[in-house]
Amino acid sequence: ATLTDMVRTLKAAGVSGALVLQPANHGYDHRYVHEALLAEPQFLRGMCLANPTLPVQEAVADLEQLRERGFGAVRFNAASFPGGLDSPV
């Protein structure tokens with residue numbers, strides 16, 4: 001189904017908004033979700049995937065840019081963090 005189909009179906013079911021999660025298989029390339037957010041900014045919000053491979057300051061800057069692009073939440077994939085969730089990121 002297309003994004004348009006999904007949004008139409010959700011609205012028909014009475015859903016007033018949806019959170020789109022960045023899929024792990026897309027890694028840290030958030031373009032796919034970002035395009036959906038641009039297409040439906042009043043209906044969709046995004047959840048990005050934190051990039052633990054960046055130095056701390058770059059990771060924070062990356063998250064701030066993603067927030068400006070419509071991502072309102074962040075998730076952490078512990079398997080991607082060197083040392084697990086004890087990473088300084």
Side-chain angles (χ1 to χ4, degrees):
T2 67
L3 173 64
T4 302
D5 292 336
M6 179 192 75
V7 170
R8 182 175 44 246
T9 301
L10 290 171
K11 287 181 177 180
V15 176
S16 61
L19 180 66
V20 181
L21 280 70
Q22 170 69 10
N25 60 317
H26 285 228
Y28 310 110
D29 180 356
H30 292 84
R31 289 179 295 179
Y32 185 78
V33 173
H34 184 240
E35 288 177 18
L37 300 179
L38 289 174
E40 293 287 343
Q42 300 303 315
F43 188 77
L44 299 176
R45 295 293 179 263
M47 179 179 283
C48 63
L49 181 61
N51 186 346
T53 66
L54 298 174
V56 173
Q57 288 182 335
E58 288 180 41
V60 170
D62 186 52
L63 292 173
E64 288 173 344
Q65 287 177 344
L66 289 164
R67 183 186 63 213
E68 291 170 5
R69 293 169 55 196
F71 290 84
V74 61
R75 71 186 189 93
F76 302 90
N77 184 345
S80 299
F81 282 72
L85 288 178
D86 290 334
S87 167
V89 174

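Note that the CZ atom of Phe76 and the CG atom of Asn51 stand 11.5 Å from one another [nearest 0.5 Å]. Considering CZ of Arg69 and CZ of Arg31, their distance stands at 9.5 Å, rounded to 0.5 Å. Between atom CD of residue Glu68 and atom CG of residue Leu63 there is a gap of 11.5 Å, rounded to the nearest 0.5 Å. With values rounded to the nearest 0.5 angstrom, His34 atom NE2 is found 8.5 Å from Leu66 atom CG.
Closest of all the heavy-atom pairs between His30 and Leu49 is NE2-N, 3.0 Å. Here the closest heavy-atom approach between residue Tyr28 and residue Ala50 is recorded as CE2-O, 3.2 Å.
Of the possible polar contacts, none joining the Glu64 side chain to the Ala59 backbone as a donor-acceptor pair under 3.5 Å is found.
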Report task. Could you go through the side-chain contact (heavy atoms from CB on, under 4.5 Å) check for Leu19 and Leu21 one step at a time? Result -> CA-CA 6 Å; Leu19 180 66; Leu21 280 70; 4.2 Å; yes
Could you pull out all donor-acceptor pairs under 3.5 Å where a side-chain atom in residues 38-48 meets a protein atom, sequence neighbours excluded?
| unit_1 | atom_1 | unit_2 | atom_2 | d |
| --- | --- | --- | --- | --- |
| Arg45 | NH1 | Pro41 | O | 2.6 |

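A search for side-chain contact (heavy atoms from CB on, under 4.5 Å) contacts involving Thr2 returns Thr4, Asp5, not counting sequence neighbours. When the side-chain contact (heavy atoms from CB on, under 4.5 Å) test is applied to Glu58, the partners found at least two apart in sequence or on another chain are Leu54, Pro55.
Between Tyr32 and His26, the ring planes lie tilted relative to each other; the angle falls in the 30° to 60° range.
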